[in-house]
Amino acid sequence: MNKFYLFGALALMFLGCKEKKSESETVLVPTYYSEPYRPQFHFSPEANWMNDPNGLVYHDGVYHLFYQYYPEDTVWGPMHWGHAVSTDLIHWEHKPIALFPDEHGLIFSGSAVVDKHNTSGFATNGETPLVAIFTYHNMDGEKDGRTDFQTQGIAYSLDNGEAWTKYEGNSVIGNEGIKDFRDPKVFWHEASQKWILTLVAGDHAQFYTSPNLKHWTLTGEFGKEYGAHGGVWECPDLFPLQVDGENESEWVLIISINPGAPNGGSGTQYFLGNFDGKTFTTDQKEPKWVDYGTDDYAGVTYNNVPNDDRIFIGWMSNWDYARDTPTEKWRSSMTVPRKLALKKIGSDYFLTSFPIDGIDDLASSDLSKAWKINPKETTSRTIAGLDQSMIQLKTTSKDFSITFQNAQGETLVLTMDAKNNQFSVDRRKSGKVNFQKEFGNKIHIAPTEMLEGETFDMKILLDRSSVEIFINGGLLTMTEQIFPNEPFNTLTVENRDSQSSLTIDSVKKMESVW
Ligand code: FRU
């Protein structure tokens, strides 16, 4: 390569240019989305800081993904709404920033709706308004030690999400002195023919109704004595969901909490109960968790998806160390989109979350043939490309470990110990872990009691800097970031059960979506 090509290649690397081929005979190495740890089949911003998914809405064949974004640095800063669109929730096109801070404050988390009947009156020429509902965070108010610096605002788009205009009457919900007062999630409630807004107010959720998205009335509160309260409540979501195989449905209230998650830091709990158009009620006192891993936070679901499918996306990080993870150009990615469902187990109900079908379409060629591990047997295989793969297995073994390893001896260990009712993820020796003390200090544990029956099936999605584990159709889910110093290329299965064998059905390469 002469020095001009070298210069060109370096320039492309620097710019993160999409160009994958050169006109000349010299083939340039693809550089777009190929930095160390860059997720290959997860959404991440081209550059700089991202946190919560916002404004998840489907409209006219397009899934919109807005997100908490700071365009000037790889750490959290004055929040904007970044924007991307997709027709399949898998391949994304980056769009210009949708919402910028203004005189009312920074743009914190919120939601978006399709105002089909133009209840807002924003459309004047027959357009269908998309309306974003978000929290204004007023920095001056916060600095002055006030408690009313978070209010709710709205903005609208009359061109399918391209251009956004803030409502001149903002804020639409003022603050009477609640310090943490944010993250409005809105949906249209057919039964009462009203918009319903759920937000969080420190240690509880509040429900508001509106005929037009502009004037809101507080109708109910929930949560002071329910669920986990190790930290502040954030990012609520509220929706009905049909119970699998039953002719009944439950209302699901999702509440993120930081700190206070089962394995430390940020996590997302849910409640199952009833919503009467005004407030949510339940007899569920104890929290249930959407994900037992440490890296699935602030997740909410899409509005307006055909067939009432509930598609959930979470931010794949944790406030304990989100600012410190060892990536350079950008920081953080989203979980794969997951379809939520409800399962009845005995007399109890659980939320399941499982990758949408399109994820399987990315699993192209086999990286390894199926193999069977007998009782009391340990086998290893070296598998090139393992670091970007989907692994599926099923077994009646109650005691086994799956270890991902690289040439440096770094390991990620998943252990099923169903005899002692637990599944765990050990990333303590998975590579870079010392960038923050909470990241690699302990094994992360999940209970397995809800996994009824004798068989376990497992789907594992491994990307360059994450692992997502779905057990028994997503009855138990764990999501974790990892930063190995070189790619994992060895899979070891230790089957400690003395009765049952275990079969790795497939190890498939996941195609890059970038
Ligand atoms: C959750 C959160 C939200 C807030 C946003 C700010 O991660 O703290 O409650 O709106 O992030 O970026």
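When a ligand or atom number is given, it counts from 1 through the structure's own listing order. This one's a predicted model, so the numbers in the text were calculated from it and none came from an experiment.
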Undergrad: Mark up the atoms of ligand 1 that fall under 4.0 Å of a heavy atom belonging to S109, in ascending order.
TA: 5 (C), 10 (O)
Undergrad: To the nearest 0.1 Å, how far is atom 2 (C) of ligand 1 from its closest protein heavy atom, and which atom is that?
TA: D52 OD2, 3.3 Å
Undergrad: Check ligand 1 against M79 and write out every atom of the ligand that is under 4.0 Å from a heavy-atom position of the residue.
TA: 12 (O)
Undergrad: Short N/O distance, under 3.5 Å, between W319 and ligand 1?
TA: yes
Undergrad: Between H204 and F280, does a ring pair (Phe, Tyr, Trp, His ring centres under 6.0 Å) hold up when you go through it step by step?
TA: CA-CA 11 Å; H204 65 282; F280 177 83; over 10 Å; no
Undergrad: Does any donor atom in the side chain of T294 or N318 lie under 3.5 Å from an acceptor atom in the other side chain?
TA: no
Undergrad: If the cut-off is 4.0 Å to any non-hydrogen atom of D183, which atoms of ligand 1 fall inside it?
TA: 3 (C), 4 (C), 9 (O), 10 (O)
Undergrad: Angle class for the Y167/F122 ring planes (parallel below 30°, perpendicular above 60°, tilted otherwise)?
TA: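 Answer is perpendicular, since the angle exceeds 60°.
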Undergrad: Mind checking the OG-CZ spacing from S192 to F275? Nearest 0.5 Å is all I need.
TA: 7.0 Å
Undergrad: Describe, in one word, how the ring planes of H64 and F66 are oriented to each other, choosing from parallel (under 30°), tilted (30 to 60°) and perpendicular (over 60°).
TA: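 Plane angle under 30°, so parallel.
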Undergrad: Using a strict 4.0 Å cut-off to heavy atoms of Q68, name the atoms of ligand 1 that fall inside it.
TA: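 Reading through ligand 1 atom by atom, the close ones are 5 (C), 6 (C), 12 (O).
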Undergrad: Do Y297 and ligand 1 have an N or O pair less than 3.5 Å apart?
TA: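 N/O-N/O distance below 3.5 Å does not exist for this pair.
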Undergrad: To check your reading of the model: name the closest protein heavy atom to atom 8 (O) of ligand 1, its residue, and the distance in Å.
TA: E234 OE2, 2.9 Å
Undergrad: In this structure, is the centre-to-centre distance between the rings of F187 and F239 below 6.0 Å?
TA: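 No, they do not, as the ring centres are separated by 6.0 Å or more.
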Undergrad: Can you tell me if T135 contacts ligand 1 (heavy atom of the residue under 4.0 Å from the ligand)?
TA: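 No; T135 lies far enough from ligand 1 that no heavy-atom distance drops under 4.0 Å.
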Undergrad: Parallel, tilted or perpendicular: which one describes the rings of Y32 and W514, with boundaries at 30° and 60°?
TA: perpendicular
Undergrad: For ligand 1, which atoms have a heavy atom of R182 less than 4.0 angstrom away?
TA: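 Listed by number with element, the hits are 3 (C), 4 (C), 9 (O), 10 (O).
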